[in-house]
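Here the structure comes first, spelled out in structure tokens, and everything after it is commentary.
In what follows, every chain begins at residue 1, and chains take the letters A, B, ... in the order their sequences are listed.
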Protein chains: 2
Amino acid sequence: MYLEDMSRENRTRYALLGALLHGEKSGYDLKKEFEHRMSHFWAESLGQIYPTLHRLRSEKLVARRSDRSGGSRARTLYRLTTAGRRALSDWLAESPAPESARNELLLKLFFGPELGASGAIEHLEGYQDRLIDQRRLFDAMAGEIDAQAVSAEQRAYWHLTLLSGQEVTDARLRWCRKALRTLRHLGASTGRGGRRAER
Amino acid sequence: MYLEDMSRENRTRYALLGALLHGEKSGYDLKKEFEHRMSHFWAESLGQIYPTLHRLRSEKLVARRSDRSGGSRARTLYRLTTAGRRALSDWLAESPAPESARNELLLKLFFGPELGASGAIEHLEGYQDRLIDQRRLFDAMAGEIDAQAVSAEQRAYWHLTLLSGQEVTDARLRWCRKALRTLRHLGASTGRGGRRAER
DNA sequence: CGCCGCATGTAAGAGGTTACATGATTCG
DNA sequence: CGAATCATGTAACCTCTTACATGCGGCG
């Protein structure tokens, strides 16, 4: 017999419930919410959102209604029920589960001698580019937060999560520069960019 | 018909192939390898390792032999084949896929007004404790690297991945302190630690 | 002798992504 | 009118974790 494991409960459910705190939204709206405001720490796909909404509804944690206002095509809007808000609150109070690390770039770098310095440098440069884009995005997001019509308290929390992204991204960028410096030395001393160059 | 997606190929396979670069190991050895040397950027469970080893063997990317030396019970040792090493090399050269972010602490913090400042502070303190432990572990790992009988080049790559963990952890710790300072102010101004205190 | 660590596996199921499928509306 | 975006879903598939299952060897 399999025991229930409360600690590994479906987090998508709660991400959705939380995203509904500020009023009713469609599945599509929720997707955009994740992409625009929460992309630096959470992602959900539509193939996960729609079935989960159905399930939440069958558990009475959300309610839905049809909306055809605005003349555009009908949308299905979901809102939190009292039970849904309580379920969210209970989950929020639980201590967050530690994340299990999985970083493909570091994995490849760990096998550096097999990859070769030139390959490692390429990967790091690509990573660096993505980090720089991300960093710019964070600055833009910070500006948008202040334009939102929500409480100062809510904005403070949003800024905090964003600040985490900014600080961590900056740290990664600093590390990138250091790593690239190291690898360019290493590449020069092991000759012609390492193993892959032997082919 | 479903198209094949090369970019989302099973990374467990390559993590195992890479971990076999320095000689033959059993499934159990591999698990320890991940736990001890790669825990800051990669994790694999035994329920993933054993089936994957079988699969790699059927694809001739690894070979195995039985070992009963040392008087202890028999172990099954796996080693890279030439094809396995080539498959690893090819994968290493591919540009790493961007990681999709999922950070439960930040998700909960994002819903801070519903959680309440006191809850947020508790979660952050727990997070901080884990980070401090992790930071200490990194220092210990740095010392161990130099004791390994491998090339200076290999050690350089290991140090680089470790440095990433150290820098990012330090950044997170700095952020934690800032966030706690902010929340203690917020908690004082919104009274008695927020929503949960109302129950 | 009982527990812990070593060692190897399998089974069930949750969770998640991508592609497929469909259709409306809007805008150039 | 064609493309992009809005909008809602389903199907197939993969990955991964957890629990189950089993047994040996060493040590206190």
Exercise for the section: Measure from the side-chain N and O atoms of B/D29 to the backbone N and O of B/S26, and report whether any donor-acceptor pair falls under 3.5 Å. Expected result: yes

Exercise for the section: May I ask you to verify if any side-chain N or O of B/T12 is less than 4.0 angstrom from the OP1 or OP2 atom of D/dC16? Expected result: yes

Exercise for the section: Give me the ring orientation class for B/W175 and B/Y127: parallel if the planes are under 30° apart, tilted from 30 to 60°, perpendicular past 60°. Expected result: perpendicular

Exercise for the section: May I have the distance from A/E35 (atom CD) to D/dA7 (atom P), rounded to whole angstrom? Expected result: 13 Å

Exercise for the section: May I ask you to evaluate whether A/N10 reaches the phosphate of C/dA14, defined as a side-chain N or O under 4.0 Å from OP1 or OP2? Expected result: no

Problem - Candidates C/dT17, C/dA7, D/dT8 - which lies nearest the side chain of A/T76 - result: D/dT8

Handout entry: Whole angstrom value for the distance that separates P of C/dG16 from OH of A/Y14
Key = 13 Å

Fill in the blank from the handout: Out of C/dG9, D/dT15, D/dA7, minimum distance to the side chain of B/R64 belongs to C/dG9

Practice task
For A/F34 and C/dT17, give me the distance from atom CZ to atom P, rounded to whole Å.
Solution key: 11 Å

Problem - Pair B/Q154, B/H22: side-chain N/O donor-acceptor within cut-off below 3.5 Å - result: yes

Practice task
For A/E44 and C/dT18, give me the distance from atom CD to atom C1', rounded to whole Å.
Solution key: 15 Å

Handout entry: B/L56 CG - D/dT15 C1' separation (whole Å)
Key = 15 Å

Completion exercise
The residue, B/Y78 or A/A43, whose nearest nucleotide of DNA chain C is more 5′ is B/Y78

Practice task
Verify the contact: side-chain N or O of A/Y28 to OP1 or OP2 of D/dC6, cut-off strictly under 4.0 Å; return yes or no.
Solution key: yes

Practice task
For atom CD of A/E24, decide whether the heavy atoms of other residues, nucleotides or ligands shown that lie under 6.0 angstrom number more than 12.
Solution key: yes

Handout entry: Spacing between B/H36 atom NE2 and C/dC6 atom P, to the nearest angstrom
Key = 9 Å

Practice task
Go through residues 46-53 of chain B and report each residue with a non-hydrogen atom lying under 4.0 Å from DNA chain C, sorted by number.
Solution key: B/L46, B/G47, B/Y50

Exercise for the section: Assess the side chains of B/N103 and A/H40: does a donor N or O sit below 3.5 Å from an acceptor N or O? Expected result: no

Handout entry: Heavy-atom donor-acceptor pair, A/K25 side chain to A/L16 backbone, under 3.5 Å
Key = no

Exercise for the section: Among C/dT17, D/dC16, D/dT17, find the nucleotide with the atom closest to the side chain of B/S45. Expected result: D/dT17

Fill in the blank from the handout: In whole angstroms, the gap separating P of C/dC6 from CG of B/L30 amounts to 14 Å

Completion exercise
The reported gap from OG1 in B/T81 to NZ in B/K60 (rounded to nearest 0.5 angstrom) is 9.5 Å

Exercise for the section: Round to a whole Å and report the spacing from NZ of B/K31 to C1' of C/dG9. Expected result: 15 Å

